[in-house]
Protein chains: 2
Amino acid sequence: MDNTEAVTCLAALAHDQRLAIFRLLVRQGPSGLPAGEIAEAVDATPTGASFHLKELDRAGLIHATRVGRYIRYAVHFDKVRQMLTFLTEDCCQGNPELCGPTLKKARKLCKGETK
Amino acid sequence: MDNTEAVTCLAALAHDQRLAIFRLLVRQGPSGLPAGEIAEAVDATPTGASFHLKELDRAGLIHATRVGRYIRYAVHFDKVRQMLTFLTEDCCQGNPELCGPTLKKARKLCKGETK
DNA sequence: TAAACATTACAAGAATTCTTGAAATATACA
DNA sequence: TGTATATTTCAAGAATTCTTGTAATGTTTA
């Protein structure tokens, strides 16, 4: 992940309805939800929801799968981890205890390390 | 942290120079850096840097302290943790193993829990 | 107090993003 | 095949944010 890619992700999340959609899908897990249900849940028009879902998709934070006449959207969890990692990379010049004892561990776990 | 507050944080970070400034300050740790040094590091004009620092400050992600004729900026790490936590809250309906085994642990650590 | 330095405030044009509705596309079902 | 459902595409006006330069503020040092 580079700076530009991260800005794209953050901009995608920096919108009231899109953030609500993202968090809804995070809660939902890998199975995701169809567009219509998402639109209803965040009180968006079908057109508006489609626009916002496309933005999140374009950023790589979610992905779409057609299932019959529905299109289901689900979070791309790997991408989310990459983004969270990027934000706190190399914190405190390698002395993360300076900003609270837990951030480095959190960062490691976000990267997929298990200890 | 609520949706609106998180959107403000994310919008503050969703800009090339502001993200570069944020990551620079994350690396720097609690001591922070003066505005002039920040501007130089990210290749911004003094006016531009000031504008962007104000945005990050307004979002609560950094804070300013005057030291003599300099104004030092440093990351507000608690706020960062709150934001990261908010993004992944209640993932996978309480079964975070569904989105990779490490996300729940990372989230807990971001919240300040130690195990 | 005067001069120099660091930083911010203000203003206005440029660029981007958001919103909305109508029409188009794709699939399912009778 | 024809109709209903789910979702997207397109277009255009509205709103917001970005950028840049100039002037103003507060602080230090001589």
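None of these values were measured; they are calculated from a predicted model. Naming: A, B, ... by sequence-line order, numbering from 1 per chain.
Within a 6.0 Å radius of CG in B/Asp2, other residues, nucleotides and ligands contribute more than 12 heavy atoms.
For the pair B/Asp16 and B/Val42, the minimum side-chain heavy-atom distance is 4.5 Å or more. Between B/Tyr73 and B/Ile38, some side-chain heavy-atom pair lies under the 4.5 Å cut-off. Using a 4.5 Å cut-off on side-chain heavy atoms (C-beta onward), B/Arg18 and B/Phe51 make contact.
Not one side-chain nitrogen or oxygen of B/His15 sits closer than 4.0 Å to the OP1 or OP2 atom of C/dA15. Contact annotation: B/Tyr73 side-chain N/O to C/dA6 OP1/OP2 distance is not under 4.0 Å. Contact annotation: A/His52 side-chain N/O to C/dC18 OP1/OP2 distance is not under 4.0 Å.
Axis angle across the helix from C/dT1-D/dA30 to C/dA30-D/dT1, with five pairs used at each end and values rounded to 10°: 30°.
In this entry the distance linking CD of B/Gln17 with C1' of D/dT20 reads 12 Å, nearest Å. Atom P of nucleotide D/dC18 and atom CG of B/Leu13 are separated by 12 Å, given to the nearest angstrom. Taking atom OH on A/Tyr70 and atom P on D/dT8, their separation rounds to 14 Å, with Å as the unit. Look at CD1 on A/Ile21: it is 14 Å from C1' on C/dC18, rounded to the nearest Å. Put simply, CZ on A/Arg69 is 16 Å from P on D/dT3, counting in whole angstrom units. Spacing between atom CD1 of A/Ile38 and atom P of D/dA6 amounts to 14 Å, rounded to whole angstrom units. B/Arg58 places its CZ atom 10 Å from the C1' atom of D/dT17, with the value rounded to the nearest Å. In this structure, B/Phe51 places its CZ atom 13 Å from P of C/dT8, rounding to the nearest Å.
Comparing atom distances between the A/Arg66 side chain and each of C/dT20, C/dT8, C/dT27 picks out C/dT27 as nearest. With D/dC10, C/dT8, D/dT7 as the candidates, the nucleotide lying closest to the side chain of A/Thr47 is D/dC10. Side-chain proximity of A/Ile71 to the nucleotides D/dA6, D/dT9, D/dT8 is greatest for D/dT8.
Contact annotation for A/Arg18: backbone-only contact, meaning every heavy-atom pair under 4.0 Å involves sugar-phosphate atoms and none involves a base.
Ion pair A/Lys79/A/Glu5 flagged as a salt bridge, since at least one NZ, NE, NH1 or NH2 atom sits closer than 4.0 Å to an Asp/Glu carboxylate oxygen. Using a 4.0 Å cut-off between charged nitrogen and carboxylate oxygen, B/Lys54 and B/Asp57 do not count as a salt-bridge pair.
Exactly one residue among A/Val26, A/Ile62, A/Leu61 makes a side chain to side chain contact (heavy atoms under 4.5 Å, CB included) with A/Val80. That residue is A/Leu61.
Both B/Gly36 and A/Ala11 lie near DNA chain C, and the one whose nearest nucleotide falls closer to the 5' end is B/Gly36.
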